[in-house]
Asker: 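Quick one: structure below, then a few questions.
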Amino acid sequence: MTARKHATVTAMSSHTDTPRVSDTALVSPNASPFVFATAQYESGDWDSAPSLAGNIIDTIARYTSLPVEPQGAMVSLSSNDALRYPLLFLTGHLPVRFTAQEGQVIKRYVERGGLLFIDDHNHDIDGAFHKTATEEIARLVGTLQPLSNTHALYSSFFTFSDGPPTTSHELNGWGDNLVHEQLLAVMRNDRISVLYSNKDYSSEWNFHPDNKRFMGVDPTRFAVNLVVYALTH
Amino acid sequence: MRSRIEWLARAVALFALGAAFWIWQFPESAQRVGEAVSGSAELGSSDADSRLGISAVANALRASNNQSLQLQLAEVPESPTRALLHAARDAGWRVEYKTSAVSALAVSSTPRIQPDGGTIIHVAAPNGVELTLSDSLGWIDSVRVSNEGTFWEVAGDGRAFHVASPTASATVAAIELDTLKRFRLIGATGWESRFLMEALETAGWQVDASFSIAPRVSVTAGAPAAIDTSRYAAVIALDSSAWSQAAAISTFVRRGGGLLLFPGSARGTAFASLRAGGTGQELAGIPGALQSTVPTEGLPLTPITGLVEHAVVLERSEREGEPVAVAARRVGAGRVVQVGFEQTWQWRMLGPDDALLAHREWWRTMIQRVAYASPSPVPDVWMPLPGDAAPLADLVARLGSPAAEFSEDPGPLSPATPPRWLFVVAVVGLLVEWWSRRLRGAV
């Protein structure tokens with residue numbers, strides 16, 4: 001894939017919620033709905049953010065006209081069914097060791113164009129999840145490299161001019177006061193195959209959607225960029 | 001006495017001229033009356049003669065005194081040799097040849113409509129013959145023929161390709177097309193459009209698309225512009241998003257553009273004048289078929305029904321009733337391919353080990369079937385000598401068809417040249433007659 005795609009009308013900046021306007025027609029009703037899928041794996045705690053999926057589905061429906069399934073999916077990484085979902089979310093706190101079958105599926109998933117988004121629910125850079133997950137990805141797919149903060153991911157819908165949005169957990173949660181400047185990624189053909197975050201979006205996005213009305217800035221907007229990027233790049 | 005000598009001289013001169021005229025007009029009779037006839041020269045029947053050179057032919061022409069040459073060819077002679085044989089034939093020699101050991105080749109080329117250009121070279125040749133393909137840079141490939149022929153698909157630019165068997169060869173020019181490298185995708189945001197773009201971009205195509213993400217918000221790929229044959233080779237209409245541009249697409253197709261219609265866009269009336277047929281009831285994919293050798297059977301299929309006149313079926317499904325899965329038709333100067341399969345991205349993700357490449361190849365083939373390309377003039381392929389593009393055809397054109405059997409009594413076919421001494425006798429006779437009359441003072 002080339003890097004020629006760009007959001008001509010990247011809608012909203014991180015501080016403005018009004019999309020800029022283009023003359024595009026409405027979404028066709030005949031596109032298959034997007035399904036937000038969470039990956040299950042045998043080691044660790046894959047289900048550590050149970051409210052996240054519903055919140056992200058709400059966000060997509062709230063900001064876009066993309067058809068989206070109201071229910072997310074949970075899919076085992078040891079099954080080829082994972083290949084039915086070209087965008088997969090994986091999270092956890094505990095050490096991750098993929099089984100041989102899970103490793104094969106992850107390799108095939110990435111080779112065929114899937115995008116695996118891994119978030120470290122510990123939001124640290126030397127924790128058990130971080131160490132083991134990055135080792136496993138390096139073993140199966142390739143070494144994670146810092147992703148430029150000007151990458152198309154940060155302007156595919158909302159504009160995040162400083163790169164990945166920070167989370168409250170980075171700034172003052174758990175006492176490490178560590179802000180991670182960049183996300184990590186494995187690229188294939190100029191496209192993100194594996195996106196890795198130490199931001200702890202799993203904690204930041206793990207709340208009931210109704211609570212968004214109490215927030216000045218919706219912290220889940222970056223998820224829209226992720227979904228739009230996966231669907232258009 | 002002197003008068004008798006003069007009459008005798010006149011008679012000798014007239015006889016000599018008459019004999020020369022007789023030999024010229026009736027050579028067979030002349031031979032019967034005593035002209036020496038030797039055996040014809042045969043070349044090429046031994047291993048030493050397997051490569052028939054110009055010197056061998058020249059020697060044979062000198063050695064043969066009955067103006068006949070019989071050639072048992074193990075391979076087609078080169079251009080200078082063919083030219084010499086042609087000259088000998090035009091000079092009255094009987095030139096016969098057999099080519100039973102020569103494998104004839106028929107070669108043609110068609111352009112490959114892809115962004116990186118290329119040529120498809122078709123060859124007809126007897127089974128079992130080993131063929132080599134080369135261009136000006138050297139050998140490209142070799143293959144043993146089966147099914148009476150083969151073909152090569154050569155990417156990139158090339159002016160001429162040379163196909164050779166152990167006994168014959170042929171050269172074919174590559175027809176270059178001015179292929180537009182861009183197509184317009186019209187469809188909703190989704191995995192189908194995303195993986196379609198990936199497949200065709202990998203093949204070198206540039207994609208112009210606009211994906212609606214939210215009301216009045218879109219993400220674009222490339223730089224979508226007005227649909228016109230000066231800009232796009234084809235339009236891919238994935239779904240009903242294309243209905244609003246049906247009029248522009250219709251004009252585009254009638255002017256030579258290509259159109260790929262999928263069930264979502266073929267339904268309804270917007271493309272009724274362009275589609276190859278109607279759309280039937282959607283059939284679910286066969287469970288497990290995505291992992292089979294025919295993965296497309298695992299995809300949802302909207303059969304193409306009621307084909308319009310002159311539409312052709314390109315692919316049928318193996319599902320009950322063998323419904324039409326892909327059909328094509330011409331509209332004006334353009335072509336339309338209607339596809340019944342949906343969600344082909346599932347083939348790529350869930351198919352067998354080769355699914356990624358097979359999915360890309362399938363899309364590449366689909367767009368090749370419709371893509372608009374303006375032909376450039378056929379290039380002048382530089383040939384070192386005339387007739388080298390098809391040496392065997394050149395030989396037949398120069399010498400006629402090969403003989404099934406050689407003539408047993410080959411003789412000159414054209415009027416023979418009378419012996420020179422007849423003219424000498426005639427001249428001497430006339431000089432004697434003239435000298436005698438001058439000596440006796442007669443006028």
Side-chain angles (χ1 to χ4, degrees), chain A residues 1-12 18-35 60 62-67 80-87 108-109 111-115 152 155-158 188-191 224-225 227-233, chain B residues 186-195 197-202 204-224 237-245 262-265 267-268 290-291 300 342-343 345-351 353 355-357 359-360:
Chain A
M1 299 282 283
T2 66
R4 290 177 295 101
K5 298 179 194 66
H6 55 281
T8 47
V9 205
T10 38
M12 303 167 233
T18 306
R20 282 175 248 156
V21 175
S22 85
D23 56 357
T24 308
L26 291 177
V27 171
S28 164
N30 43 29
S32 300
F34 169 78
V35 181
I60 295 167
R62 186 182 294 252
Y63 295 111
T64 76
S65 51
L66 298 174
N80 277 333
D81 280 346
L83 301 173
R84 295 185 185 278
Y85 306 98
L87 174 62
R108 183 178 301 173
Y109 182 83
E111 283 170 2
R112 298 194 174 194
L115 196 165
S155 57
S156 60
F157 193 81
F158 295 99
R188 283 180 83 91
N189 299 328
D190 208 21
R191 178 184 170 276
V224 181
N225 279 45
V227 171
V228 170
Y229 177 85
L231 284 168
T232 57
H233 287 72
Chain B
I186 306 173
T189 312
W191 299 123
E192 182 70 356
S193 53
R194 178 249 179 274
F195 286 113
M197 285 196 300
E198 193 277 347
L200 291 175
E201 285 184 341
T202 304
W205 290 93
Q206 293 176 300
V207 187
D208 280 357
S210 178
F211 299 110
S212 178
I213 303 298
R216 299 184 296 172
V217 179
S218 68
V219 169
T220 60
L238 274 184
D239 49 45
S240 58
S241 311
W243 289 355
S244 61
Q245 300 185 63
F262 283 77
S265 56
R267 291 189 190 100
L290 277 173
Q291 280 287 332
E342 295 184 87
Q343 298 180 37
W345 68 270
Q346 292 191 1
W347 170 15
R348 170 198 172 109
M349 293 297 286
L350 294 157
D353 289 344
L356 179 61
L357 295 177
H359 177 260
R360 285 179 183 161

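This structure is a prediction, so every number in the text was calculated from the model and none was measured. Lettering of chains follows the sequences in order, A, B, ..., and the numbering in each one begins at 1.
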Asker: If every non-hydrogen atom of B/Ala214 is compared with every non-hydrogen atom of A/Ser65, which pair is closest and at what distance?
Answerer: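 Taking every non-hydrogen atom into account, CA-OG, 3.2 Å.
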Asker: Please classify the contact between A/Arg84 and chain B as side chain, backbone, both or neither, with a heavy-atom cut-off of under 4.5 Å.
Answerer: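 Contact with chain B involves both backbone and side-chain atoms of A/Arg84.
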Asker: Could you state the interatomic distance from CG (A/Asn189) to CD (B/Glu198), rounded to the nearest 0.5 Å?
Answerer: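 It comes to 6.5 Å.
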Asker: If we check side chain to side chain contact (heavy atoms under 4.5 Å, CB included) with B/Thr189, which of these qualifies: A/Leu66, A/Thr64, A/Val228, A/Val227?
Answerer: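 Looking at A/Leu66, A/Thr64, A/Val228, A/Val227, the match for B/Thr189 under the side chain to side chain contact (heavy atoms under 4.5 Å, CB included) is A/Leu66.
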Asker: Just how far is it from atom CD of B/Gln291 to atom CG of A/Asn80, taken to the nearest 0.5 Å?
Answerer: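 Result: 6.0 Å between the selected atoms.
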Asker: At their closest point, which heavy atom of A/Thr232 faces which heavy atom of B/Phe211, and how far apart are they?
Answerer: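 Minimum heavy-atom separation between A/Thr232 and B/Phe211: CG2-CD1, 4.0 Å.
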Asker: Is it the backbone or the side chain of B/Gln343 that comes under 4.5 Å from a heavy atom of chain A, or both, or neither?
Answerer: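 The answer is the side chain of B/Gln343.
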Asker: When rounded to the nearest 0.5 angstrom, what distance separates CZ in B/Arg348 from CG in A/Leu83?
Answerer: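 If we round to the nearest 0.5 Å, B/Arg348:CZ and A/Leu83:CG are 11.0 Å apart.
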Asker: Report the distance from atom CD1 of B/Ile213 to atom CG of A/Asn225, rounding to the nearest 0.5 Å.
Answerer: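 Separation between the atoms: 10.5 Å.
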Asker: Between A/Tyr63 and B/Val217, is there a side-chain heavy-atom distance shorter than 4.5 Å?
Answerer: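 Heavy-atom side-chain distance check fails, nothing below 4.5 Å.
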Asker: Sort A/Ala82 into side chain, backbone, both or neither according to what part of it lies under 4.5 angstrom from a heavy atom of chain B.
Answerer: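 A/Ala82 has no heavy atom closer than 4.5 Å to chain B.
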Asker: How far does CG of A/Leu231 sit from CD of B/Glu192, to the nearest 0.5 angstrom?
Answerer: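 Reported value, rounded in 0.5 Å steps: 12.5 Å.
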Asker: How long is the straight-line distance from CE of B/Met349 back to CZ of A/Arg112, given to the nearest 0.5 Å?
Answerer: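 The CZ atom of A/Arg112 sits 8.0 Å away from the CE atom of B/Met349.
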